[in-house]
**Student:** 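Have a look at this one before I ask anything.
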Amino acid sequence: MCRRDSRATRPRRSESGQGLVITGLAMAALMGAVGLAVDVGYLRYTDRRMQTAADAAAVAAAAELNYSDYMTAGQTDASSNGFTNGSNNVTVAVNTPPTKGAYAGQPNYVEVIITDSVPTFFMRVLGTNSEAISARAVAHEFTGNNCIYALSPNASNAIYLGGSASVTTSCGIVDDSNASDALHNGGSGSLTASAVSVSGGWTSNGGGTITPTPSTNVPPEPDPLGYLPEPSVGSCTYSSKVIVNSSVALGQGVYCGGIKVNGGGSVTFGSGLYIINGGELTIAGGAAASGTDVTFYITGGASVTVNGGSTTTLVAPTSGTYAGVLFFQDRTDSSAATVTGTSGSTITGTLYFPDAALTYSGNSSITAYNLIVASTVSFSGNATVNNDYSSLSGGSPIQSATLAE
């Protein structure tokens, strides 16, 4: 009689226990791998967001390099993209010039470095509670391609061509007015530019032409020279209106009551800043005026009139705070201005009348550059607006920004 071996049906407890241990270890490894994948994925997601924020912040800061608050601009932009300096272990450093990389030490470049300590989830079981990540971007400021701006938000004929006026420029034109006739060629003349952008609409009903066809309904651009500081006026150097009937030489200072050069008079302006506080700056027909490296700041309700028939040679500074700026009218002064060139005139520089209407007929003598920024601009004669800023140490006073690295 055979005896059944009881061991053949006995549960293999040791092997079953080993299987449970192996399964448990496998599940732990799987969970660890899943957890690691989740943490790595989140870190990569945060890194992409951080790089996007650094890129945008660098461009914002570079666009504000001419202002005193470029650092604020960069940090504010980073904050709008989810990374606020000094909050939740985030730092946003804005450096100009950059501290490293291909553009280290280069002016007109801005570096933004964002760092953050990102909390982990599943990696905590391995003793890693957070990971430090960072993103870096560099942007630079370059000469903008627009040189004629009308800043009024709603004026009809914000840019207007009358009669047979012909305006030619190798740069762009920006009209911020949202009126249906913001840009109007009302005569038989022509307007030719590299680009024409209008926030509203345009009309041409006198047989004239506008080339290229304007882009309409374009978002308005901010004042491109809004960064320029308004000078401190101070006390009067001259306390009554200066009327010139003979040949005189004048120096920089505060001219309360203005300067008027009558027909037959001649004035030579020494280099520097001339503050016209009240009254008017007038160069009458038949008068002569000259000055190199000069800026005229118009305030106190003063106005500017350069009449046709005068012999005028005025050139803006090539360096310094007001490099490239010839006329700068107080941003709260809406007194209309007129600048009329003649065959004997050379007017080189920026005509900045942000709250005023400017009537401009240009130079008969072609100049290296002119910039026109006014509330509204009317062209009453032929004008060629060039954009050769090679004489200016910093290029055009109007700057733009783009990523460099």
Side-chain angles (χ1 to χ4, degrees), residues 44-116 118 133-149 151 171-176 194-195 197 199 215 217-229 321 323-324 350 352 354 371 373 387 389 392-405:
R44 288 179 176 174
Y45 166 72
T46 303
D47 184 68
R48 287 195 297 270
R49 287 180 54 238
M50 184 180 290
Q51 188 62 58
T52 298
D55 291 346
V59 171
E64 300 291 322
L65 264 180
N66 283 325
Y67 297 75
S68 61
D69 59 350
Y70 68 88
M71 182 176 296
T72 300
Q75 292 181 337
T76 300
D77 200 278
S79 181
S80 68
N81 282 283
F83 296 90
T84 301
N85 183 55
S87 176
N88 297 320
N89 299 315
V90 172
T91 61
V92 180
V94 183
N95 307 312
T96 182
T99 59
K100 58 185 178 180
Y103 302 98
Q106 295 294 317
N108 300 324
Y109 285 79
V110 179
E111 171 188 67
V112 171
I113 302 173
I114 301 177
T115 58
D116 191 6
V118 181
I133 61 175
S134 67
R136 175 180 175 273
V138 174
H140 75 106
E141 185 183 50
F142 66 95
T143 297
N145 193 42
N146 300 317
C147 60
I148 299 175
Y149 287 78
L151 302 179
C171 45
I173 295 175
V174 175
D175 189 333
D176 281 348
S194 64
S197 300
S199 293
S215 299
N217 300 313
V218 177
E221 295 192 19
D223 180 351
L225 297 176
Y227 68 90
L228 285 175
T321 302
T350 300
Y352 183 37
L371 289 173
V373 180
N387 59 346
Y389 308 110
L392 302 181
S393 58
S396 169
I398 296 176
Q399 303 289 318
S400 296
T402 189
L403 278 174
E405 63 173 289

**Student:** Determine the minimum heavy-atom distance between Pro97 and Pro107, stating which atoms define it.
**Tutor:** CB-N, 4.4 Å

**Student:** Please report the closest heavy-atom contact between Ser199 and Pro219, naming both atoms and the distance.
**Tutor:** OG-C, 3.8 Å

**Student:** So how far is it from Gln51 CD to Ile114 CD1, rounded to the nearest 0.5 Å?
**Tutor:** 8.0 Å

**Student:** Can you find a heavy atom in the side chain of Tyr352 that is under 4.5 Å from one in the side chain of Asp223?
**Tutor:** yes

**Student:** Less than 4.5 Å apart, side chain to side chain, heavy atoms only: is that true for His140 and Thr402?
**Tutor:** yes

**Student:** Quick one: pull up CG in Asp77 and OG1 in Thr72 and give me the separation to the nearest 0.5 Å.
**Tutor:** 12.0 Å

**Student:** Quick one, Phe83 and Arg49 - any side-chain contact, counting heavy atoms below 4.5 Å?
**Tutor:** yes

**Student:** For a quick test of reading the model, state the closest non-hydrogen atom pair linking Glu221 to Asn146 and the distance between them.
**Tutor:** OE2-ND2, 3.9 Å

**Student:** Side chain of Thr96, backbone of Tyr109: donor and acceptor closer than 3.5 Å?
**Tutor:** yes

**Student:** Find the distance between OG (Ser215) and CD1 (Ile173) and round it off to the nearest 0.5 Å.
**Tutor:** 12.0 Å

**Student:** Just wondering, do Leu65 and Val110 contact through their side chains at under 4.5 Å, heavy atoms?
**Tutor:** yes

**Student:** Check for a donor-acceptor pair, side chain of Thr91 on one end and backbone N or O of Asn85 on the other, with a separation under 3.5 Å.
**Tutor:** no

**Student:** Run the side-chain contact (heavy atoms from CB on, under 4.5 Å) check on Asp175 and Val218 step by step: do they pass?
**Tutor:** CA-CA 9 Å; Asp175 189 333; Val218 177; over 6 Å; no

**Student:** Report yes if the side chains of Asp116 and Asn88 come closer than 4.5 Å at any heavy-atom pair, otherwise no.
**Tutor:** no

**Student:** Please check this pair: side chain of Ser79 against backbone of Thr76, looking for a donor-acceptor N/O pair closer than 3.5 Å.
**Tutor:** no

**Student:** List the steps and the verdict of side-chain contact (heavy atoms from CB on, under 4.5 Å) for Val90 and Thr84.
**Tutor:** CA-CA 6 Å; Val90 172; Thr84 301; 5.8 Å; no

**Student:** If you measure from CE on Met50 to OG1 on Thr52, what distance do you get to the nearest 0.5 Å?
**Tutor:** 11.0 Å

**Student:** Can you give me the closest heavy-atom contact between Asp176 and Pro220, atom names plus distance?
**Tutor:** OD1-CA, 3.4 Å

**Student:** Say whether, by atom type as modelled, one donor and one acceptor occur between the side chain of Thr350 and the main chain of Gly324 under 3.5 angstrom.
**Tutor:** yes

**Student:** Taking C-beta and beyond as the side chain, do Leu392 and Pro397 meet within less than 4.5 Å on heavy atoms?
**Tutor:** yes

**Student:** Checking Glu111 side chain against Thr99 main chain: does a donor-acceptor pair fall under 3.5 Å?
**Tutor:** yes

**Student:** For residues Tyr70 and Glu64, report the shortest heavy-atom separation together with the two atoms involved.
**Tutor:** CB-O, 3.5 Å

**Student:** Check whether any side-chain heavy atom of Gln399 sits under 4.5 Å from a side-chain heavy atom of Asn108, and report yes or no.
**Tutor:** no

**Student:** Could you tell me whether the side chain of Ser194 and the main chain of Gly172 form a donor-acceptor pair under 3.5 Å?
**Tutor:** yes

**Student:** For residues Ala57 and Gly74, report the shortest heavy-atom separation together with the two atoms involved.
**Tutor:** CB-O, 3.2 Å

**Student:** Working to the nearest 0.5 angstrom, can you tell me the gap between Tyr227 OH and Ile398 CD1?
**Tutor:** 8.0 Å

**Student:** Quick check for you: to the nearest 0.5 Å, what is the distance between Leu225 atom CG and Ser396 atom OG?
**Tutor:** 8.0 Å

